[in-house]
Amino acid sequence: MGKTIIISNRLPLQINISENDLEVSPSVGGLATGLKSFHQEGDSIWIGWTGLASEEIPENLKPKVLEKAKSQGCIPVDLTSEEIEKFYYGFSNRTIWPLFHYFMEYTEFDAEHWEAYKQVNQKYADAVIEKLEDGDTVWVHDYQLLLLPALIRKEKPKVTIGFFNHIPFPSYEVFRTLPWREEILRGMLGADLLGFHTYDYERHFLRSVNRILHYDINFNAVNKGNRIVKADSFPMGIDYNKFRNSALEHKSQPKSETTDIQKKLDYHKYVSKGTKLIISIDRLDYTKGIANRIRAFGYFLEKYPEYQENVRLIMLAVPSRTNVPQYQLLKKEIDELVGRINGKFATVNWTPIWYFYRSMPFDNLIDLYTSSDVALITPVRDGMNLVAKEYIATRTDNTGVLILSEMAGAAQELSEALLINPNNFEQIVDSIKYALEMPEEEQIRRNKIMQKRLRRYSVEKWAKDFMTNLRETTWTRKTFRTLEINEIIKKDLFEKYSEAGQRILFLDYDGTLVNYEDKPEDAKPDPELIELITSLGRQENTRVVLISGRDKETLGAWWNSPDIDLIAEHGIWFKKGEGEWELTETLDCEWMAKIRPVLETYVDRTPGTFIEEKNYSLAWHFRKANPELGEVRSNELSAVLRDLISDHGLSVLKGNKVLEIKNSSVTKGKAAGKLLEENYDFLFAIGDDYTDEYFFNELPDNATTVKVGMSKTQAKYYIKTSEQVSELLSQFLSLTH
Ligand code: ADQ
């Protein structure tokens with residue numbers, strides 16, 4: 001097994017330059033700590049940006065940066081300050097970040113930023129490709145690198161690529177507003193497996209793929225025709241033991257060794273006995289709902305004045321993206337709000353809010369978590385939110401109450417927390433009161449359940465789970481029973497073709513010889529295709545049979561030639577060369593009058609759909625309908641029809657964007673079987689949809705069966721596109737010329 005390459009915007013290390021020397025320390029933060037053990041344990045390298053602009057690192061120190069990074073298994077990507085401005089502060093944080101968090105009013109669509117985003121993604125791709133060897137696995141992280149999977153795939157088509165999105169994926173209605181939505185989706189679909197924190201994000205992504213790129217979605221897999229891409233949810237966990245053990249250590253520390261913050265917290269508890277502490281920790285970001293939280297706290301003190309002087313909010317906001325105007329405005333707003341609430345309620349002995357605007361060392365974080373009775377975490381949108389999980393992990397005596405916004409991904413796992421809607425002030429303030437008054441037994445009961453879950457699904461388990469699933473996608477690709485027709489298979493096939501005494505070729509029409517069109521009548525064969533197929537039929541000892549679900553009138557009009565035989569309507573009609581159409585079975589059609597009105601109600605309710613009436617079958621086409629609605633309605637309709645037709649000798653066939661109702665006794669397989677009485681020593685059948693599976697199954701084992709596209713099939717081989725089908729058939733033709 002090869003190595004793993006992790007790629008994220010930032011490397012998990014912090015570089016400080018002072019006095020013409022540099023200091024490198026590991027960085028904190030969810031992703032860095034989360035993947036650290038995974039990174040250190042196995043054979044892996046991490047590629048990313050150091051956090052310093054190229055111009056900020058003196059030339060003489062550059063080799064040292066490389067060397068230091070390398071010693072920690074890291075490879076830096078060099079970014080200039082202009083690139084950082086446009087790619088990172090620009091497209092990543094002024095377009096993708098606000099849009100994906102539903103802040104459409106903050107979202108900027110700037111073509112220059114988009115160009116920089118593409119270029120910098122290419123820069124990361126180049127860095128990866130330089131290190132990539134056969135058998136390696138690539139794991140790309142987050143919204144700054146959405147184009148990277150496809151850029152890597154372009155150069156190394158066979159490599160296994162995973163992608164994890166750490167922020168929400170918005171609903172289709174929001175995502176579709178992005179001018180570069182197609183490029184972004186195509187970039188992501190370069191991966192084999194796409195991971196999201198929650199099932200909802202995964203569904204939003206799949207829906208966008210379906211609506212924007214029109215790829216078929218089967219459960220959680222995207223069928224790209226030549227490749228299957230899977231999406232799944234993997235809720236990211238924390239390093240549970242690290243937080244719990246640190247909390248235990250802090251508890252057993254002698255007083256003299258405690259941190260200054262802890263001393264201050266202890267003093268506070270000593271002088272104001274019974275006063276409760278509420279903690280809130282976030283990066284200073286508009287998605288985190290900090291301003292509303294302060295307002296809600298002010299309202300709480302007003303609504304429940306008995307808590308004045310008896311509760312304190314400790315608010316830690318870590319500076320973030322200070323170059324982006326929205327963040328500067330937010331900082332100002334929060335400073336003012338804190339000032340206003342403190343000004344309004346403070347007494348000589350009490351300030352309601354302690355506000356810290358800075359980053360703190362890990363030990364201080366633990367002090368804050370373990371000393372606070374309540375954690376108040378109220379993002380308006382948050383991919384996951386690890387702070388909520390960390391708070392629970394540090395509660396070693398199982399007390400403490402978590403108030404958590406239902407808009408955080410974490411809320412889906414932490415349902416024993418007090419879940420609030422961050423826009424509902426009454427609910428927030430009542431939850432604060434409930435939390436402060438919650439009996440200890442209830443706190444313990446709730447926390448124990450959450451702790452058990454967090455311990456089990458730790459960040460390590462998360463990373464392993466993702467990697468196992470990722471490797472399975474390659475495994476499935478490798479063991480896909482059906483083989484792609486490659487040069488070696490072709491060579492063998494051509495030999496058999498040339499040596500054969502009697503050949504028969506069964507060719508499906510739509511989706512095989514021609515691509516699908518919105519209107520079936522538009523998928524007419526062009527003169528070259530007619531020439532190709534009839535020339536094949538003119539070869540000695542070669543019988544060409546077009547076998548289609550089309551009605552006999554259309555098929556007959558398009559393909560009237562002495563050199564080919566036709567099977568129409570899935571096997572009901574047969575025509576030899578220029579002869580007359582013959583019925584292969586006697587069939588009853590009375591059922592059609594009963595079924596047609598049912599189909600009509602579905603046409604009325606599903607714009608873009610229509611009924612095709614054939615001699616012995618009815619088809620409901622939904623290719624032009626809204627793809628999602630079409631799928632939903634077709635599932636509904638086939639369930640309704642199956643009930644209606646049971647015991648009537650009819651069956652419902654699901655073709656490509658069409659449902660067809662016909663007599664069960666008629667199949668393409670049966671019709672093909674009837675032609676096999678003569679002795680053929682080269683049998684070839686090719687088709688693209690469900691109905692063709694009947695003749696793949698019916699033909700003897702020595703037949704060469706080929707599926708067009710990459711969905712599940714009984715065929716021995718597959719070929720990706722109908723253009724490649726024409727190429728293969730032309731090659732057959734050239735063998736005898
Ligand atoms: P963030 O928006 O950064 O992450 P979060 O999940 O809460 O949000 O992670 C913050 C991390 O930074 C936590 O591990 C926390 O301990 C640490 N941290 C916070 N304040 C700190 C401080 N003052 N000093 C040191 N460390 C501090 C993005 C998404 C989230 C998603 C994560 C992981 O926005 O929704 O949960 O990625 O996927």
Side-chain angles (χ1 to χ4, degrees), residues 6 8-10 12 14 25-36 92-93 96-98 100-103 139-145 163-170 195-198 200-201 233-240 242-244 246-247 259 261 279-290 314-321 327 354-370 375-394 402 404-414 454 457-459 462-463 466:
I6 301 170
S8 62
N9 173 48
R10 281 288 301 271
Q14 194 82 40
S25 53
S27 68
V28 283
L31 181 63
T33 41
L35 280 178
K36 203 180 282 164
S92 301
N93 287 321
I96 299 286
W97 177 271
F100 280 34
H101 286 87
Y102 296 78
F103 278 80
W139 190 3
V140 183
H141 289 267
D142 228 358
Y143 66 102
Q144 301 90 350
L145 301 174
F163 178 87
F164 194 85
N165 194 52
H166 288 264
I167 64 173
F169 197 94
F196 299 89
H197 282 307
T198 73
D200 287 336
Y201 307 156
S233 58
F234 302 88
M236 186 175 173
I238 55 165
D239 188 342
Y240 184 86
K242 182 178 157 200
F243 281 90
R244 185 179 164 82
S246 305
T259 61
I261 282 257
I279 182 76
S280 95
I281 300 184
D282 337 69
R283 273 185 312 99
L284 191 109
D285 196 299
Y286 48 79
T287 61
K288 303 286 182 182
I290 305 174
I314 307 181
M315 238 183 58
L316 174 60
V318 184
S320 176
R321 304 172 198 167
Y327 289 72
W354 274 354
Y355 171 46
F356 301 94
Y357 175 64
R358 62 173 108 127
S359 186
M360 279 197 190
F362 180 75
D363 277 337
N364 288 157
L365 225 58
I366 300 289
D367 293 335
L368 291 173
Y369 285 146
T370 51
L376 183 59
I377 300 173
T378 58
V380 257
R381 284 285 161 188
D382 210 337
M384 172 52 71
N385 196 296
L386 300 177
V387 171
K389 294 185 169 182
E390 292 167 0
Y391 175 71
I392 296 294
T394 58
L402 171 64
L404 178 62
S405 161
E406 58 193 37
M407 308 298 170
Q412 310 221 347
E413 292 161 86
L414 302 177
L454 294 178
Y457 206 83
S458 66
V459 69
W462 166 80
F466 183 87

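Whatever order the structure lists them in is the order used to number ligands and atoms, beginning at 1.
- In summary, the atoms of ligand 1 found under 4.0 Å from a heavy atom of Val387, numbered by their order in the structure, are 7 (O).
- Less than 4.0 angstrom separates some heavy atom of Val318 from each of these atoms of ligand 1: 20 (N), 21 (C), 22 (C), 23 (N).
- His197 contributes no side-chain N or O that, together with a main-chain N or O of Pro168, makes up a donor-acceptor pair within less than 3.5 Å.
- Taking any N or O of Leu316, backbone or side chain, none lies under 3.5 Å from an N or O belonging to ligand 1.
- Polar contact with ligand 1: absent for Trp97 (N/O pair, distance under 3.5 Å).
- When each of Phe164, Tyr143, Phe163, Phe100 is tested with Phe169 by the rule ring pair (Phe, Tyr, Trp, His ring centres under 6.0 Å), just one qualifies, namely Phe100.
- Annotation for Tyr327 and Ser320: closest pair CD2-O, 3.5 Å, computed over non-hydrogen atoms.
- Side chain of Lys389 to main chain of Met236: a donor-acceptor pair is present (N/O by atom type, distance under 3.5 Å, no hydrogens or angles).
- Side chains of Thr259 and Asp363: a donor-acceptor N/O pair is absent below 3.5 angstrom, by distance only.
- At a heavy-atom distance under 4.0 Å, only side-chain atoms of Ile281, from C-beta outward, approach ligand 1.
- Of all the heavy atoms of Asp282, none lies under 4.0 Å from any atom of ligand 1, so neither backbone nor side chain is involved.
- Considering backbone and side-chain atoms alike, Gly383 places an N or O below 3.5 Å from some N or O of ligand 1.
- Taking CD1 of Ile238 as the reference point, atom CE of Met384 lies at 11.0 Å (rounded to 0.5 Å).
- If you run side chain to side chain contact (heavy atoms under 4.5 Å, CB included) between Phe243 and each of Thr394, Thr370, Leu386, only Thr394 comes through.
- Asp282 contributes no side-chain N or O that, together with a main-chain N or O of Leu284, makes up a donor-acceptor pair within less than 3.5 Å.
- Looking only at atom types and distance, the side chain of Asp200 has no donor-acceptor partner in the side chain of Thr198 under 3.5 Å away.
- Taking only nitrogen or oxygen atoms, main chain and side chain alike, Leu386 reaches within less than 3.5 Å of ligand 1.
- With ligand atoms numbered from 1 in the order given, ligand 1 contributes 13 (C), 14 (O), 15 (C), 16 (O) to contacts under 4.0 Å with heavy atoms of Glu390.
- Atoms of ligand 1 lying under 4.0 Å from at least one heavy atom of Met236, given by number and element, are 33 (C), 38 (O).
- One option in Arg381, Lys288, Met384, His101 has a heavy atom closer to atom 1 (P) of ligand 1 than any other, and that option is Lys288.
- By the criterion of a heavy-atom distance under 4.0 Å, neither the backbone nor the side chain of Asp285 is placed next to ligand 1.
- With a heavy-atom cut-off of 4.0 Å, Arg283 touches ligand 1 through its side chain alone.
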